Amino acid sequence: MDFTPEIKDKLNRLQEKYMAMGQDMASYLDGLLYADFLTYWDYIHLDTLLSLQSPKTPFPDEEIFIMYHQITELYFKLALHECKQLAEHENLTVEFFTARVKRINSYFNALTTSFDVMVDGMEKEQFLKFRMSLLPASGFQSGQYRMIEICATDFIRLVDKSKREELSTATIEEQFEHIYWKFGATELASGKQTLTLKQFIKKYAAQFLQLAKDRSLNNFSALYHELQRKGADVSALAEELRKLDLYVNVEWPLSHYKSAVRYLEKDPVDVAATGGTNWQKYLPPRFQKRIFYPFLWTDEQMEEWGKGWVLSVLKTLKNKE
């Protein structure tokens, strides 16, 4: 067959490429000749992916629980993929920044709108039985979620609200000792750290501290202020950051709160979470007042942070019973 000019041009360019690397193009063409065609299932390692569910009990709904958490972690990985691009971009523009935050918002939108799988997608009786085989593991131990938080804001914003002013000039190590989520994983009776928290800190503390240092000047808040100082129009970016603030700090924890109320609320004593977390005080946004971008909200909005959502959810769930 005759080679078209386009094919000849590509062959010449390939020859130049391999010559520059000291490689023989013909050997690579042999590899292409003998290689099998790529399939969808091989490309995404489908068989491996579908084999990663290993229930600990015979209750069918446990597999739903596992798969949804795996889906969640994949979305978190997508978000961190965008975070890395933003932090490492050499010539960051408002347009690029806005587009990437918009992607992250789409991931969290998919998560929050699908969380009914956890709220209503399992039988309560099954959940309350198979959950006991998970001790002391907890969704609290999602390291990727904590990494997203670190990438999204100045580290001081993740310190427990009672300590933020006092530790505003402290080192990252000192601030980490008072990071908000540590207070959500204390034993309800003694006030001591739960095994869940001890495991989590042992595995991730060094990684979190290094990431916090690496992102001290290129977290989303710092990058926003840098673009603003340069005179860029950050209005569209500000809108996406406000959405991110609500997704991560209100809607996502509230989704978990809805699930906790559905499965763990029990008169007269609430059922403890598998990690021993005080979910009644830890999950509601109005208690945490965790806000990534206070400079984008009014004092009134921050004062009312999360209140309306929590009250409406409680009313809805009570009406279902």
Side-chain angles (χ1 to χ4, degrees), residues 61 64-83 86 98-122 124 127 138-153 157-158 180-181 184 220 237-265 273-275 277 279-293 296-297 301-302 304-320:
D61 282 0
I64 297 172
F65 187 81
I66 294 171
M67 282 188 280
Y68 190 81
H69 281 81
Q70 290 175 334
I71 291 167
T72 296
E73 291 296 335
L74 288 173
Y75 270 115
F76 287 166
K77 187 173 182 178
L78 283 170
L80 286 170
H81 179 66
E82 308 299 344
C83 291
L86 286 169
T98 304
R100 268 31 186 200
V101 177
K102 196 169 186 176
R103 288 184 184 182
I104 297 173
N105 286 337
S106 71
Y107 305 147
F108 272 93
N109 179 62
L111 286 169
T112 56
T113 55
S114 67
F115 207 80
D116 281 349
V117 171
M118 292 293 291
V119 177
D120 297 315
M122 298 180 294
K124 184 173 182 178
F127 174 78
S138 168
F140 171 92
Q141 295 174 315
S142 173
Q144 289 197 114
Y145 181 69
R146 309 304 176 192
M147 293 174 197
I148 292 170
E149 293 179 318
I150 292 170
C151 292
T153 189
R157 302 307 310 171
L158 304 179
Y180 82 92
W181 44 259
F220 291 1
L237 174 58
E239 182 60 27
E240 291 302 323
L241 289 176
R242 276 192 289 266
K243 290 179 183 177
L244 180 64
D245 218 346
L246 288 175
Y247 274 129
V248 179
N249 294 322
V250 176
E251 297 198 28
W252 184 240
L254 185 58
S255 297
H256 288 72
Y257 185 69
K258 289 165 64 176
S259 179
V261 171
R262 164 80 167 81
Y263 294 109
L264 303 181
E265 188 175 61
T274 54
T277 56
W279 60 269
Q280 300 92 331
K281 295 292 184 182
Y282 170 70
L283 290 174
R286 63 193 179 99
F287 293 144
Q288 289 291 333
K289 285 290 178 69
R290 192 169 66 258
I291 303 173
F292 288 161
Y293 315 109
L296 296 179
W297 302 99
Q301 288 170 331
M302 289 189 287
E304 296 297 314
W305 192 256
K307 287 184 180 179
W309 285 275
V310 172
L311 294 175
S312 64
V313 166
L314 282 175
K315 182 177 180 182
T316 300
L317 290 171
K318 289 293 185 183
N319 289 337
K320 285 185 176 181

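All figures in this text were calculated on a predicted structure; none of them were measured in a lab. We use all heavy atoms of the structure for the numbers below, so side chains are in, but hydrogens, waters and symmetry mates are not.
One distance of note links OG1 of T98 with CZ of R103; it measures 12.5 Å at 0.5 Å rounding. Atom NZ of K77 and atom CD of E82 lie 13.0 Å apart (nearest 0.5 Å). M118 CE to L111 CG: the interatomic distance, rounded to the nearest 0.5 Å, is 11.5 Å. With rounding to the nearest 0.5 Å, the separation of CG in L74 from NE2 in H69 is 13.0 Å.
Side-chain contact of N249 with W305: a donor-acceptor pair under 3.5 Å is absent, judged by distance alone. Using modelled atom types, one finds a donor on one side chain and an acceptor on the other under 3.5 Å when comparing Y68 with S114.
Shown here are the salt bridge (Lys or Arg N to Asp or Glu O under 4.0 Å) partners of E240, two or more places apart in sequence or in another chain: K243. Not counting sequence neighbours, W252 has no partner by the side chain to side chain donor-acceptor pair (under 3.5 Å) test. Y247 pairs by the side chain to side chain donor-acceptor pair (under 3.5 Å) definition with N109, not counting sequence neighbours.
The shortest non-hydrogen separation linking C83 to I104 is SG-CD1, 4.1 Å. The shortest heavy-atom contact between M302 and I291 is CG-CD1, 3.5 Å. In terms of heavy-atom proximity, N105 sits nearest to L244 at OD1-CA, 3.2 Å. Looking at every heavy atom in both residues, D61 comes nearest to M122 through OD2-CA, 3.3 Å. Minimum heavy-atom separation, F140 to R146: O-NH2, 3.2 Å. Taking all atoms of both residues into account, the shortest heavy-atom contact from Y293 to A152 is OH-O, 2.7 Å.
Checked by atom type and distance alone, the side chain of D245 pairs as donor or acceptor with a backbone atom of F292 at under 3.5 Å. Remark: the backbone N or O of S138 is paired with a side-chain donor or acceptor of Q141 at under 3.5 angstrom.
Residues R290 and P253 meet the side-chain proximity criterion, which asks for heavy atoms closer than 4.5 Å. When side chains are defined from C-beta on, F115 does not count as touching L254, because their heavy atoms never get closer than 4.5 Å. In this structure, I148 and F76 have side chains that are in contact, with non-hydrogen atoms separated by less than 4.5 Å. Contact of the R157 side chain with the E149 side chain is not registered, since no non-hydrogen atoms from C-beta on lie closer than 4.5 Å. Between Y145 and E73 the shortest side-chain heavy-atom distance does not fall below 4.5 Å.
Taking the six-membered ring for Trp and thresholds of 30 and 60 degrees, Y107 and Y75 have ring planes inclined between 30 and 60 degrees apart.
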